[in-house]
There are 2 protein chains.
Amino acid sequence: MAESRTDDDLDRFDRQILQILQAEGRISNQALAERVNLSPSPCLRRVRALEAAGFITGYRAEVDPRRLGYGLNVVLHISMDQHTPERFEAFEARVAELPEVVECLLITGQEADYQLRIWVADMDDYQRILLQHITRIPGVSGVHTSFVLRRVMPARGLPPR
Amino acid sequence: MAESRTDDDLDRFDRQILQILQAEGRISNQALAERVNLSPSPCLRRVRALEAAGFITGYRAEVDPRRLGYGLNVVLHISMDQHTPERFEAFEARVAELPEVVECLLITGQEADYQLRIWVADMDDYQRILLQHITRIPGVSGVHTSFVLRRVMPARGLPPR
DNA sequence: TATGAAACTTAGGCCGA
DNA sequence: TCGGCCTAAGTTTCATA
């Protein structure tokens, strides 16, 4: 059984490739090879190896939520009445059914158990989702809402350590 | 001056294209065309139009932070002593210099002004960043930390409304 | 707008260094 | 492991409906 690769198996080429692909996920292999000063074949081999080893987990197009009619980004902190596996499983299943939810984190802390990120059209839309969906999930005992006023910093990738 | 497009200018092809590209950002145009039942040329035209109109803002490779040696994902809620433009600008500039910060949101709420998301190697690494960088930024009057135990739900795109 | 054909570019396998 | 070569596959433009 082969050892699985970790970050310190990566050389400067791999690191550069990861950096560039995090910013430009659809760059052609030729252009990528040129940027890292390799010829196309070894460059492509490295990309495929990074994918196979799980360093790269996928490629995604980024869309502008506002263009799609989502005017309001909301962070919800949610506390549960009981910390039982059943409660958590049921909550997670219900939340996964809501298309507006873009992220759901289980977090530490006394005031919250989950942090949800959702995109909604406007305040009315938010109220609808909160009252008709979120607060009706069994076990939800408290919800704290923050609205995202602005996203600081452009999207940026994680640098290989 | 042309009207800018909004979500209700999108037909079922555009919506489908957006959905697919959010999940598979590097799918070939041919495969994409096949999936939406178009021939490659009009499909590519639509993708380019969606990019030009700002519906698609970019393409990114997704990397696995753990594979890169980041074992701990932290959510920091940060409050500022004074709510002046100077304080905010200075904070944002300092935060943008830290490579571990993957997101910074200006949010509403009495207990916090900013929400940061950072990836660190471990607790020691977290302490270092918190004490040597975050708390030293002028104006930071309070920091509340939550650790991400688990990310619920796989990465998913936003459905066109 | 869609299609289909044609010209061009890229991907990916193979091999020699 | 790299780089070069080669073939297959994909991209992109254009004429046509």
Side-chain angles (χ1 to χ4, degrees), chain A residues 1-63 67-69 157 159-161, chain B residues 1-64 67-69 157 160-161:
Chain A
M1 171 112 188
E3 296 291 311
S4 87
R5 290 173 78 193
T6 66
D7 60 298
D8 35 50
D9 298 321
L10 303 177
D11 63 15
R12 77 163 194 87
F13 290 116
D14 294 318
R15 288 165 203 274
Q16 232 184 315
I17 287 170
L18 285 174
Q19 286 288 75
I20 294 171
L21 285 178
Q22 283 184 85
E24 295 169 56
R26 256 194 112 116
I27 189 174
S28 77
N29 180 59
Q30 299 218 351
L32 178 61
E34 222 170 288
R35 290 266 291 275
V36 301
N37 285 308
L38 272 176
S39 52
S41 332
C43 182
L44 183 63
R45 255 197 313 265
R46 281 165 181 270
V47 173
R48 293 288 173 263
L50 290 168
E51 291 167 355
F55 288 97
I56 296 172
T57 55
Y59 298 89
R60 318 242 171 269
E62 211 175 67
V63 303
R67 263 292 153 92
L68 296 183
R161 291 171 47 83
Chain B
M1 170 108 188
E3 296 292 311
S4 88
R5 289 173 79 193
T6 66
D7 60 299
D8 35 51
D9 297 323
L10 303 175
D11 63 16
R12 77 164 192 86
F13 291 114
D14 294 318
R15 288 166 204 273
Q16 232 185 316
I17 288 170
L18 286 174
Q19 285 290 72
I20 295 170
L21 285 177
Q22 283 184 87
E24 295 168 56
R26 253 194 114 119
I27 189 175
S28 79
N29 182 58
Q30 296 214 350
L32 179 61
E34 221 171 289
R35 291 266 290 273
V36 302
N37 285 307
L38 273 176
S39 52
S41 330
C43 182
L44 183 63
R45 240 198 331 264
R46 281 165 181 273
V47 173
R48 294 286 174 264
L50 289 168
E51 290 167 357
F55 288 95
I56 296 171
T57 55
Y59 298 89
R60 318 244 172 268
E62 213 176 67
V63 304
D64 179 355
R67 264 291 151 93
L68 295 183
R161 290 170 47 81

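So you know, we letter chains A, B, ... as the sequences are listed, proteins then strands, and number each from 1.
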Worksheet entry | Minimum heavy-atom distance A:A31-A:I27, with the two atoms named | CB-CG1, 3.7 Å
Response to the item:
Nt span of DNA chain D in reach of chain B heavy atoms at under 4.0 Å, 5' end first, is D:dG10 to D:dT13
Worksheet, complete the sentence: Hits for salt bridge (Lys or Arg N to Asp or Glu O under 4.0 Å) against A:D7, two or more places apart or cross-chain, chain-then-number order -> none
Discussion item. My understanding is that only residues two or more places apart in sequence, or in another chain, count here; which of them pass salt bridge (Lys or Arg N to Asp or Glu O under 4.0 Å) with A:R26?
Written reply: none
Discussion item. Can you build the contact string for nucleotides 6-13 of chain C? Use B for base contact, S for sugar-phosphate-only contact, and - for no protein heavy atom under 4.0 Å.
Written reply: ----BSBB
Worksheet item: Under 3.5 Å, is there a donor-acceptor pair between the side chain of A:R15 and the main chain of A:L10?
Response: yes
Item to complete: Measure the OG-CD distance between A:S39 and A:E34 for me, rounded to the nearest 0.5 Å.
Response: 11.5 Å
Practice prompt. Find the distance between CG (B:L68) and OG1 (A:T6) and round it off to the nearest 0.5 Å.
Written response: 10.0 Å
Item to complete: Can you tell me the distance, in whole Å, between the CZ atom of B:F13 and the P atom of C:dA2?
Response: 7 Å
Worksheet item: Can a side chain N or O of B:R46 be found less than 4.0 Å away from OP1 or OP2 on C:dA2?
Response: yes
Worksheet item: C:dA2 phosphate, OP1 or OP2: any side-chain N/O from B:R45 under 4.0 angstrom?
Response: yes
What side-chain donor-acceptor pairs closer than 3.5 Å can you find for residues 40-52 of chain B, not counting sequence neighbours?
residue: B:R46; atom: NH1; partner: B:D11; partner atom: OD1; Å: 2.9
residue: B:R46; atom: NH1; partner: B:D11; partner atom: OD2; Å: 3.0
residue: B:R46; atom: NH1; partner: B:D14; partner atom: OD1; Å: 3.1
residue: B:R46; atom: NH1; partner: B:D14; partner atom: OD2; Å: 3.4
residue: B:R46; atom: NH2; partner: B:D11; partner atom: OD2; Å: 3.1
residue: B:R48; atom: NH1; partner: B:E51; partner atom: OE1; Å: 3.3
residue: B:R48; atom: NH1; partner: B:E51; partner atom: OE2; Å: 3.4
residue: B:E51; atom: OE2; partner: B:Y59; partner atom: OH; Å: 2.7

Would you list the atom pairs, donor with acceptor, under 3.5 Å between side chains in residues 18-25 of chain B and any protein atom, with sequence neighbours excluded?
residue: B:Q22; atom: OE1; partner: B:L158; partner atom: N; Å: 2.7
residue: B:Q22; atom: NE2; partner: B:L18; partner atom: O; Å: 3.4
residue: B:Q22; atom: NE2; partner: B:L158; partner atom: O; Å: 2.9
residue: B:E24; atom: OE2; partner: B:R35; partner atom: NH1; Å: 3.3
residue: B:E24; atom: OE2; partner: B:R35; partner atom: NH2; Å: 3.3

